Amino acid sequence: MSALLGRILLTVPVLRAQGLEPADDPFDTLARLPIVTKQQIRDDYRGHFAEDIDPSDCASVVTSGTTGVPLKIVHNSEHFVHVNALALRRAFDYGLPLDRKMLRPFKSESDDWFEYTLPSAGFLRFAEFGFVTDEAEIARRCREFAPDAVFTHPSRALALRDMVPGLRPRIVQTFGEQLTDGGRAAIEEHFQAPVRDCYGTNEAGTIAAQCPEFGSYHIEGERLCVEIVDADGRPLPDGAEGDIVVTNMFNTVMPFVRYNTGDVGALSSGRCPCGRDQKVLRLIAGRQYGAITLPDGTRIDVLRLVKQLDRFPLERLQVVQADTTELTVLVVPAAGCTDDDLRRATDAANAALHHRLPVRLRRAAAEEFAESSAGKHLNFVNLLEN
Ligand SMILES: [Zn+2]
């Protein structure tokens, strides 16, 4: 943290403008810097880059944000070194070999089938496919590849299950969407393998990943500082819920310092029983899903409804608002979900909205679910606004 701040307080215009003298304790210095949002970075894009940037040491990625203007993120090689090192250690923790074979199904950037080796990730072998023209052929290649791990969004793991029954990886690693209990159970049941989920952002990389023994989400504190803050940006004590704010200690070219992820969570006050040093993050709301509009014009956070429905055995759900007379929730019931479960889920959904807008659950086929332009599952489709 000292090395990071000692450098970027001089080289990054928006930070230099703060006029801070580094304190003896770098975390005191950090606490005096303002929280920054994605919108603020967009508004002064160049001001957030170091002036001594070396383009040959950088790689960029565009965030897939479900709303608004995408943001191009630039990382230096130092960032990737640490990201890869922790991914390797995680592979060891999960009992996977260095030369593991990983399948990335339905990757939106690629066409039929593509394999490559990544030396920086321990000579692992990736196989991925995107747009599927021949399901039988892709299913055959998946079986032949025999992945050690499936690495994908929860919704894509379920789609893979439907297309390639009987695939038996040792583990399913999920990311990119908030994993529901029903989704986790359905994936584990089908693949007969444990699900290990992680939470992260394009801006910071993996922020927290599941403990191999206890399932809690350990933060990557070796390379990130994670803070929880209130609506005014004041740090909250462990246990309290608030905005998740991260500082990447290794990206000196486009530093994300006290960056508000837009996600909501809490750092647990107790240690994980596994004995690992890193604190445990409890994710409350992984994504800002938007708001449901009631007939009188008031708005209710859609997560209020989603969280009620998450308690029922549903593999997948999507709230769709087309008008203000009725709300539809598309659902794929999990195995063992009864008609009574669906009735109780409907009651809970209506209660979540205080019976001010009728909610109807409808069984839907996979292809009826709308996806974001990046191919991510959406929990909410708002046809009133978009
Ligand atoms: Zn643990």
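As the structure lists them, so they are numbered: ligands from 1, and atoms in each ligand from 1. Quantities reported herein were computed from a predicted structural model and do not represent experimental measurements. The basis for the numbers below is simple: all heavy atoms, side chains too, and nothing from hydrogens, waters or symmetry mates.
- Thr37 and Asn260 share no donor-acceptor pair across their side chains, judged by distance under 3.5 Å alone.
- Identified under the ring-ring contact (aromatic ring centres under 6.0 Å, His included) test for residues 238-259, with sequence neighbours left out: His82-Phe250, Phe256-Tyr259.
- Cation-pi geometry between Arg344 and Phe312 is not satisfied (NZ or CZ under 6.0 Å from the ring centre, within 45° of the ring normal).
- Thr117 and Arg125 form a side-chain donor-acceptor contact under 3.5 Å, judged by distance and modelled atom types alone.
- Between the side chain of Gln318 and the main chain of Ala370, a donor-acceptor pair closer than 3.5 Å is present.
- Around the Zn ion (ligand 1), the protein atoms of type N, O or S found under 2.8 Å away are Cys211 SG, His218 NE2, Cys272 SG, Cys274 SG, listed by chain and number.
- Side-chain polar atoms of Glu128 and Tyr116 form a donor-acceptor pair below 3.5 angstrom.
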